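So that the names make sense, note that chain A is the first sequence line, chain B the second, and so on, each numbered from 1. Basis for what follows: all heavy atoms, side chains included, without hydrogens, waters or symmetry-related copies. Just so you know, these numbers come straight off a predicted model, no measurement behind them.
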Protein chains: 2
Amino acid sequence: MELKPISERFILHWGEMGSRWGVNRTVAQIHALLYLAGRPMEAEEIASTLGVARSNVSTSIKELQSWKLVRTVHLKGDRRDHFETSTDVWELFRLIVEGRRQREIDPTIDVLNGFLSNPDLANEDEGAQQRIRETLEFIQILTTWSDEMLRLKPETLMKMLGIGAKLSQTFRKGSSSE
Amino acid sequence: MELKPISERFILHWGEMGSRWGVNRTVAQIHALLYLAGRPMEAEEIASTLGVARSNVSTSIKELQSWKLVRTVHLKGDRRDHFETSTDVWELFRLIVEGRRQREIDPTIDVLNGFLSNPDLANEDEGAQQRIRETLEFIQILTTWSDEMLRLKPETLMKMLGIGAKLSQTFRKGSSSE
DNA sequence: CATCAATTTCTGTACTTACAGAAATATTCG
DNA sequence: CGAATATTTCTGTAAGTACAGAAATTGATG
């Protein structure tokens, strides 16, 4: 597939953003490509469109699947795997937040909980103890709240957040549960 | 300074987290150290405590200052710079979100706006156009809302978010404006 | 204003991560 | 079940990033 200029720039920018947030550039690019394409694509087409090796696509797709951002579909009369992503921004956002949470936040909470139930904690400076406790509590509050928010339909959420109705119509497509 | 075991593990974990979010490991470690220490430290002490080169501390501190996470203070009768960070989790969170916003979100909004005011956009597939518009709108809604939230005092925010009062007391120290 | 301490910038090296291409494996179809 | 095609895993190289140590600069003090 030959990319049109704006799509190409969108995809490149997305790759840049990915890098800055700890996401492999190619992974981010592939996701952006599938997002803009809005249709299932097979590995070879992805590779040639982005100018990367097919093996790289394979690895990156696996990564995207582990985030549940991409699913495999099959087209009648074609034995190759085709890959697609949701075109719903809100759903994508939700999946990314959930992925980050599982990979980084939850383990961090475990580590901090470990510290608090460790008798050695008493040896630390009073202030440090206090701050470790506060850090844990902060993270827990934030994740609890974000869990609740992500469970809502976007329209409901928009209302809750007190954002004007004119904007919320963007999300008319709806997605997610509840 | 000799780190006590739990502080050390906290700092190392923070460094790991930093890496995963696109923040230099040493930068994250230094910040964690200053956070737990809760007092100003000078470059040499930071370097020896963390086992990194002094030059590395210099660069990292500059980075942290550009995020407004660390400020320089001077102690009477000591010509060396000393560095400290806030011990208020909420304030730190606010500064990090604001930094990310300025560095990554705002430029992305500019790029997307550029696409929308570019006549070439008409050449793109209808669906792609639509999705570019939706992406921009989504990001704008999110940042508008986060701006509003971050301007609130933590207690007010907690109430808004409907989180029980028992938790919000963690943030009694207060910070930020409004 | 010369000396000394502190700090920053520069430079080469080490480490890490990304990735292409090759090889191996799996899958589909006749 | 064998051939053809698709996919994944492996491996070496390349690119990028982090960092120590050296050199240069800044700035304070007598």
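Residues A:Pro40 and A:Leu75 approach most closely at CB-CD1, 4.3 Å, considering heavy atoms. For B:Thr87 against B:Tyr35, the heavy-atom pair with the smallest separation is O-CE1, 3.7 Å.
With hydrogens and angles ignored, the 3.5 Å screen pairs a side-chain donor or acceptor of A:Asp88 with a backbone N or O of A:Glu91.
Between the C1' atom of D:dT8 and the CZ atom of A:Arg80 lies a distance of 17 Å, rounded to the nearest Å. Rounding to whole angstrom units, CD of residue A:Glu42 and C1' of D:dT8 are separated by 16 Å. The CZ-C1' distance, from B:Arg25 to C:dT17, rounds to 13 Å in whole Å. The distance between atom CZ of A:Arg20 and atom C1' of D:dG16, rounded to the nearest whole Å, is 14 Å. Atoms CG (A:Asn24) and P (C:dT17) sit 11 Å apart, rounded to a whole Å. Atom pair B:Glu16:CD and C:dT16:C1' shows a separation of 12 Å (rounding to whole Å applied). Rounded to whole angstrom, the span from the CG atom of B:Asp78 across to the P atom of D:dA28 amounts to 13 Å.
For DNA chain D, the neighbouring residues in residues 43-70 of chain A, judged by any heavy atom under 4.0 Å, are A:Arg54, A:Ser55, A:Ser58, A:Lys62.
Cluster annotation: B:Leu142 and B:Leu136 are assigned to the same hydrophobic cluster (Ile/Leu/Val/Met/Phe/Trp/Tyr, side-chain heavy-atom contacts under 4.5 Å, transitive).
Cation-pi geometry between A:Arg20 and B:Trp21 is not met at under 6.0 angstrom from the ring centre and within 45 degrees of the axis.
As judged by a 4.0 angstrom heavy-atom cut-off over every strand, A:Arg79 is placed among the base-contacting residues.
Ion pairing of B:Lys4 with A:Asp120 is absent here, as no side-chain N (NZ or NE/NH1/NH2) approaches a carboxylate O to less than 4.0 Å.
Along DNA chain D, the nucleotide closest to A:Ser19 and the one closest to A:Asp81 are compared, and the more 5′ of them pairs with A:Asp81.
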